[in-house]
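Worksheet: one structure, shown below.
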Amino acid sequence: MVRGTDGALPGGATEAEGAPPGGRTEADGVLPGGRTEADEVLPGGPTEADGVLPGGLAEAIRGTAEDIASVLRTATGPDAAGLPVPRSTWTLGEAAAHLAQANALMAELAAGHERPHGDGTPGSLAAANELALAGFGEREPGPLAEMITAQAAAFLAAVEDRDPDAPLTTPLGVMRPAVLGSYLLTHMLGHGYDLALALGRPHMLDAHRVELTLPFMREAMPRVTDPAAVAGLTARFAVRLRGGPAFGVAVTDGTVEVTQELPARPDCTILTEPVAFLLLGLGRADPWPVIARGKALGWGRKPWLAPRFPRLFRAP
């Protein structure tokens, strides 16, 4: 349900052979009060549980929804809803309406209801999004801001009643409740970034929130592979977030496998600044400008695969 241009999903960090010098970079434009230092975590995400959701995820969902609402409340004037959204065919009002609808859908899924929404492919999800928007008339930023926060709160209330291991059916397949929460956060951050960019406001992405998207990102990668891009490719990637977790991605002639462990002999190691990781993963940034600014690096036996990596996946 994340809408953007075709993109991919780099990330991760622990130790890897031959890592270049350099430390954490700071995310540009973080909202006041947002977290910029990531809590120490093991590969795979937070280790302390807070109810059904991992530690910090509920707070990140609630805080992100509130930050998005704050951005939308700055959109005043009769023409605000019609402002264009960068890298999208949607207007501000349409993007905000989609986000309100998606949060409501996620709350229903968390409550255990099955709600068909496409078949998991990017094209079907885009068609389902357009159909849903056509039947939903609200486009004013103010009311939509309230819906976004209310439905995020409804999701948090519903998910705490679930068994942590209960399978939940989503637009991208069956997920555990914690992964669905990571999906909701990822979706809000992607569209929240779009809304902030459209209004010239600071975005709400930071390293801590990005790390909480990793359970969903890792699980979604094999499901959003671009068949044409991976056809005939065999390569092992070590994907790292600067100052954060790491994971491995193995591509074997069109088949993608994601592991929490780094490959012993990666063909290409990718190191990204956390916010750049998510923007690349959701198709909100292009690889070469990110590399040129030093926010993503690639090295190893086949370093030329680094800028190709984001193109192996299609953000739905």
Side-chain angles (χ1 to χ4, degrees), residues 1-9 61 85 87-90 94-136 148 151-152 154-155 158-159 162 165-192 194 213-233 249-258 278 280-284 309-316:
M1 293 172 63
V2 177
R3 178 180 176 130
T5 58
D6 289 356
L9 310 101
I61 289 170
V85 174
R87 303 176 71 99
S88 174
T89 60
W90 280 344
E94 289 168 335
H98 166 70
L99 193 50
Q101 287 186 302
N103 282 14
L105 174 64
M106 295 289 195
E108 292 191 358
L109 297 178
H113 305 301
E114 291 195 15
R115 296 289 185 265
H117 192 88
D119 61 11
T121 60
S124 74
L125 291 175
N129 291 341
E130 295 296 346
L131 183 63
L133 273 177
F136 183 70
I148 289 166
Q151 294 301 333
F155 171 89
V159 80
R162 303 271 69 79
D165 295 319
L168 298 174
T169 302
T170 82
L172 284 175
V174 175
M175 300 176 186
R176 292 178 294 105
V179 179
L180 180 61
S182 180
Y183 182 5
L184 172 60
L185 178 63
T186 304
H187 189 261
M188 284 199 296
L189 289 172
H191 287 294
D194 296 339
T213 70
L214 290 182
F216 167 71
M217 299 289 269
R218 286 194 301 261
E219 192 158 320
M221 289 174 71
R223 306 179 188 187
V224 297
T225 301
D226 185 338
V230 299
L233 176 65
V249 178
V251 183
T252 307
D253 193 21
T255 300
V256 174
E257 180 184 7
V258 181
L278 192 63
L280 285 165
L282 300 182
R284 266 61 175 191
F309 184 77
R311 307 298 189 191
L312 302 181
F313 308 93
R314 297 180 61 191

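Quantities reported herein were computed from a predicted structural model and do not represent experimental measurements.
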Open item on the list: Run the side-chain contact (heavy atoms from CB on, under 4.5 Å) test on Leu312 and Val256 for me, step by step, so that the C-alpha distance in whole Å, both residues' side-chain angles and the decisive distance to 0.1 Å come before the verdict.
Closed with: CA-CA 10 Å; Leu312 302 181; Val256 174; over 6 Å; no
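- Ring geometry for His98 versus Trp90: interplanar angle of 30 to 60°, hence tilted.
- In this structure, CZ on Arg223 lies 7.0 Å from CG on Leu172, to the nearest 0.5 angstrom.
- Ser182 contributes no side-chain N or O that, together with a main-chain N or O of Ala178, makes up a donor-acceptor pair within less than 3.5 Å.
- In terms of heavy atoms, Asp253 sits closest to Ala231 at OD1-C, 4.4 Å.
- When all heavy atoms of Val85 and Ala95 are compared, the pair lying nearest together is CG2-CB, 4.1 Å.
- Within the 4.5 Å cutoff, no side-chain heavy atoms of His187 are placed close to those of Phe216.
- Using modelled atom types, no side-chain atom of Glu219 and backbone atom of Val179 make a donor-acceptor pair closer than 3.5 Å.
- Contact detail for Asn103 and Ile148: the closest heavy-atom pair is ND2-O, 3.2 Å.
- The NE2 atom of His117 sits 12.0 Å away from atom CD of Glu108, with the distance rounded to the nearest 0.5 Å.
- Here the CE atom belonging to Met106 is positioned 11.0 Å from the CG atom belonging to Leu168, to the nearest 0.5 angstrom.
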Task: Derivation of the side-chain contact (heavy atoms from CB on, under 4.5 Å) call for His191 and Arg284 - done: CA-CA 10 Å; His191 287 294; Arg284 266 61 175 191; 3.6 Å; yes
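- Leu278 CG to Leu189 CG: the interatomic distance, rounded to the nearest 0.5 Å, is 6.0 Å.
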Task: side-chain contact (heavy atoms from CB on, under 4.5 Å) evaluation trace for Phe155 with Leu180 - done: CA-CA 10 Å; Phe155 171 89; Leu180 180 61; 3.9 Å; yes
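- Nearest heavy-atom pair across Pro167 and Val174 is CB-CG1, 3.4 Å.
- One finds no salt bridge joining Arg87 and Asp194 here, because no Lys/Arg side-chain nitrogen approaches an Asp/Glu carboxylate oxygen to under 4.0 Å.
- Across every non-hydrogen atom of Asp226 and Arg311, the tightest pair is CB-O, 4.2 Å.
- Remark: the Thr252 side chain and the Thr255 side chain contain no N/O donor-acceptor pair separated by less than 3.5 Å.
- Here the CD atom belonging to Glu130 is positioned 7.0 Å from the CD atom belonging to Glu94, to the nearest 0.5 angstrom.
- Taking both residues in full, the closest heavy atoms of Leu109 and Arg115 are given as CD2-N, 3.9 Å, listed atom of the first, atom of the second, then distance.
- Looking only at distances, no side-chain donor or acceptor of Thr169 sits under 3.5 Å from a matching main-chain atom of Glu114.
- Taking OG1 from Thr186 and CD1 from Ile61, the interatomic distance works out to 9.5 Å, rounded to the nearest 0.5 Å.
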